[in-house]
Amino acid sequence: MIHLLPLMLERVGILIILAFVLSQFPIFRHIIYNRRGRFGSLLLIAVFGLFGVISNYTGIEIHLSEVVSQSWLNQVDADNAIANTRIMGVSIGGLLGGPLVGLGVGLVAGLHRYPLGGFTALECAISSVLAGVVAGLLGNWYRRRGVIPPWFAALVGMAMQVVEMLLILLFSKPYEDAVMLVQTIGLPMIVLNGFGTLLFMLIIRSILKEQERQSATQTHLAFHIADRTLPFFRQGLNPDSCREAAHILLRLTEADAISITNRTHILAHVGAAADHHVAGQEVSTGLTRTVLEQGKLMLARLPKDIRCSHRNCPLEAAVVLPLLVHGEAVGTLKLYFCQANHLSKVEEELAEGLGKLFSAQLELAEAEQQSALLKTARIKALQAQVHPHFLFNAINTISVLCRTDSERARRLLLELGTFFRSNLQGAQQLLIPLYKELEYVEAYLQLEQARFPDKYTVELDIEPGLEQVQVPPFIIQPLVENAIRHGFRRLQTRGTIRVSISSHTGELEVIVADNGAGIPADRLALLGHEANLASEGSGTALCNIRERLEGIYRHSASFMIQSAEGEGTAIHIRLPLQYQEGSKVHADSVYRG
């Protein structure tokens, strides 16, 4: 029995070497990592079935307790048996592929073992099939709890070898020969098949861990690149943003050149071949045009596949990805390599991931642009809106004053002109100086107070030096108008509106307060967030102001309403004194026309 250990160890070593060589092939790594699909199952059956066949051929022929032959076995005498590592390959195939793969591997190894002969041929063939199915069931059971550990695989391999020994004892004839054979080969085969299964699973585990490390590294790199390029791709496809993004990609990938195009022109090309792949030129390579037409990733591993018309182009390989917006190719991202062998599977997968991320960024950019344009359209419409009743009332008031106080009528006409001029100018500008907004407020108040001279008073408390501070138009006048139209409607006493403007630690604070009727608590929570167009006090102006502040300053501005019924209302606005305009989305992005 002891003399069999080094011989069996040699056989285990042969299979482990084969396993290591096999692990270097990408297709085997892919099958091991995914284990899905009919092709993968057939490949596992073929590979581990081959291991079983090799184990049969390299087995050690035994007669009772003596080694008869160590050479390549084509036939075994009827009184002899084989000590081999067949169960090891069968068990591993079942563990990795499940019971169907285990059954297939067992059938291949068992059907090959039976014709070789020997008085244990049938039992060995049956045990091979049984080991494959049982190992597959055990593998599926453990896989639900996590990755199969090597120690578990070793135990399964040893257990399946024990089952084979039991079958030999139960069914092989003569019984005395079966007992002597098991005493000779049982322990070495159990121990070394378990040991071989352990080593094999360690190799498999290293494949899985290496794949996970590569995936984690690749994912981290892809997200790092996406994070660095996000500010540029959010601007849409334009030469400036694409040039910056291309430089980042060139630094962080193994590519020799990066090119980004829209549907018709090269927007950026950095790296090798920049002398003839020039930004601003029309798309010249046939490969790029094909990708734009088909909207699918394409690889070029030969210069002729790139189809560059330049005679001495150094680019030999490329991966070209479509940049998709709503399923339509709006441009391409190209990673070029000066040596074809530098275009590895890792680079291909990284490029594919980046293409998807960049496409998502472009879709977000378009969504942001559409949202910005929609907001702008709504804001301009609201800014340009003049209440017809206000205009008619102002004209009627002035017409009456023309008879009684012509000088005041003249001043009011000037104020009405100021009001309309400010309204039209404000509808065309994002920001205006504070003094312009105050002129607009003053013009409105003059016209309203001409109609209701004793209804309310207005107090202005403006901190000196803030006149040139840039503010969005129509953020004060609508608040004053709301106080007059809604706050003082049922007020019996004289109303007071106080407008306070001051600066605090880099912020401009605007407070418009009144002592009017106040706002019911149930409406207060909704004001400034949604407009109720069916009601008279719809809250449209407040929504407009809040949306503009959010759209212009993002989270750097605040808008707050304080009110209680019977006590009045105070609206607080805070915005940065120094506004730095953020990155803009180009309105002429490629996917707009």
Side-chain angles (χ1 to χ4, degrees), residues 26 218 221-222 225 228-229 232-233 235-325 328-359 361-362 586 588-591 593:
Q218 192 169 305
L221 179 58
I225 293 173
R228 295 284 302 277
T229 57
F232 305 107
F233 277 110
Q235 299 175 31
L237 289 178
N238 63 82
D240 293 334
S241 64
C242 290
R243 182 174 60 255
E244 295 297 330
H247 279 294
I248 293 172
L249 285 166
L250 188 65
R251 288 197 304 270
L252 297 180
T253 66
E254 299 297 322
D256 296 306
I258 301 292
S259 185
I260 302 174
T261 77
N262 58 24
R263 290 196 62 86
T264 57
H265 290 81
I266 300 172
L267 297 176
H269 184 101
V270 296
D275 58 327
H276 59 278
H277 291 264
V278 180
Q281 290 183 345
E282 290 188 2
V283 172
S284 57
T285 60
L287 182 62
T288 303
R289 289 194 292 269
T290 303
V291 171
L292 287 169
E293 292 170 2
Q294 298 183 5
K296 298 179 181 178
L297 178 147
M298 298 192 72
L299 297 174
R301 299 191 180 276
L302 294 172
K304 66 177 183 179
D305 296 331
I306 298 176
R307 288 176 272 168
C308 177
S309 58
H310 195 273
R311 184 174 182 180
N312 298 317
C313 184
L315 305 176
E316 293 187 357
V319 52
V320 183
L321 306 107
L323 297 175
L324 304 173
V325 174
E328 180 183 354
V330 299
T332 62
L333 168 66
K334 299 183 282 187
L335 280 68
Y336 285 113
F337 301 86
C338 291
Q339 296 184 38
N341 58 357
H342 288 177
L343 176 52
S344 63
K345 186 68 175 177
V346 173
E347 294 298 320
E348 179 187 342
E349 292 177 354
L350 174 62
E352 186 173 5
L354 289 175
K356 292 178 180 178
L357 287 171
F358 293 160
S359 295
Q361 289 176 352
L362 289 173
H586 282 241
D588 56 348
S589 291
V590 63
Y591 40 85

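What you see is a predicted model, and the numbers here were worked out from it, not measured in a lab. FYI, the numbering just counts along the sequence from 1.
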Just checking Q294: does its CD atom have more than 12 heavy atoms from other residues, nucleotides or ligands closer to it than 6.0 angstrom? yes
Pairs involving residues 302-323, ordered by first then second residue, that meet salt bridge (Lys or Arg N to Asp or Glu O under 4.0 Å) (sequence neighbours left out): none
On a heavy-atom basis, the closest approach of A300 and I306 is CB-CG1, 3.7 Å
By ring pair (Phe, Tyr, Trp, His ring centres under 6.0 Å), Y336 pairs with (sequence neighbours left out) H269, H277
Dump the intermediate steps for side-chain contact (heavy atoms from CB on, under 4.5 Å) on I248 and R251, then the final yes or no. CA-CA 5 Å; I248 293 172; R251 288 197 304 270; 3.5 Å; yes
What I'd like to find out is whether the side chain of T288 reaches to under 4.5 Å of the side chain of I266, using heavy atoms alone. no
Please report the interatomic distance NZ(K334) to CG(L249), rounded to the nearest 0.5 Å. 13.5 Å
Rounded to the nearest 0.5 Å, the CZ atom of R243 sits from the CD1 atom of I260 at a distance of 11.0 Å
Output every pair passing ring-ring contact (aromatic ring centres under 6.0 Å, His included) with a member in residues 285-311, not counting sequence neighbours, ordered by first then second residue. H276-H310
Can you give me the closest heavy-atom contact between E352 and L321, atom names plus distance? CA-CD2, 3.2 Å
Pairs in or reaching into residues 288-297: which pass salt bridge (Lys or Arg N to Asp or Glu O under 4.0 Å), with residues at least two apart or in two chains? none
Any side-chain heavy-atom pair of T332 and L323 under 4.5 Å: no
Single hit among V330, V283, L333 for side chain to side chain contact (heavy atoms under 4.5 Å, CB included) with T261: V283
For A317 against L343, the heavy-atom pair lying closest together: CB-CD2, 4.1 Å
For R301, the salt bridge (charged side-chain N to carboxylate O under 4.0 Å, His left out) test, sequence neighbours excluded, returns E348
Taken to the nearest 0.5 Å, the spacing of L287 CG from L315 CG works out to 11.5 Å
Please name all residues satisfying side-chain contact (heavy atoms from CB on, under 4.5 Å) with A329, sequence neighbours left out, ordered by chain then number. R263, L292, P322, L324
For A273 against C313, the heavy-atom pair lying closest together: CB-SG, 4.3 Å
Is a side-chain donor or acceptor of D256 paired with a backbone partner of A272 at a separation under 3.5 angstrom? no
Closest heavy-atom contact between T264 and N262? N-OD1, 2.8 Å
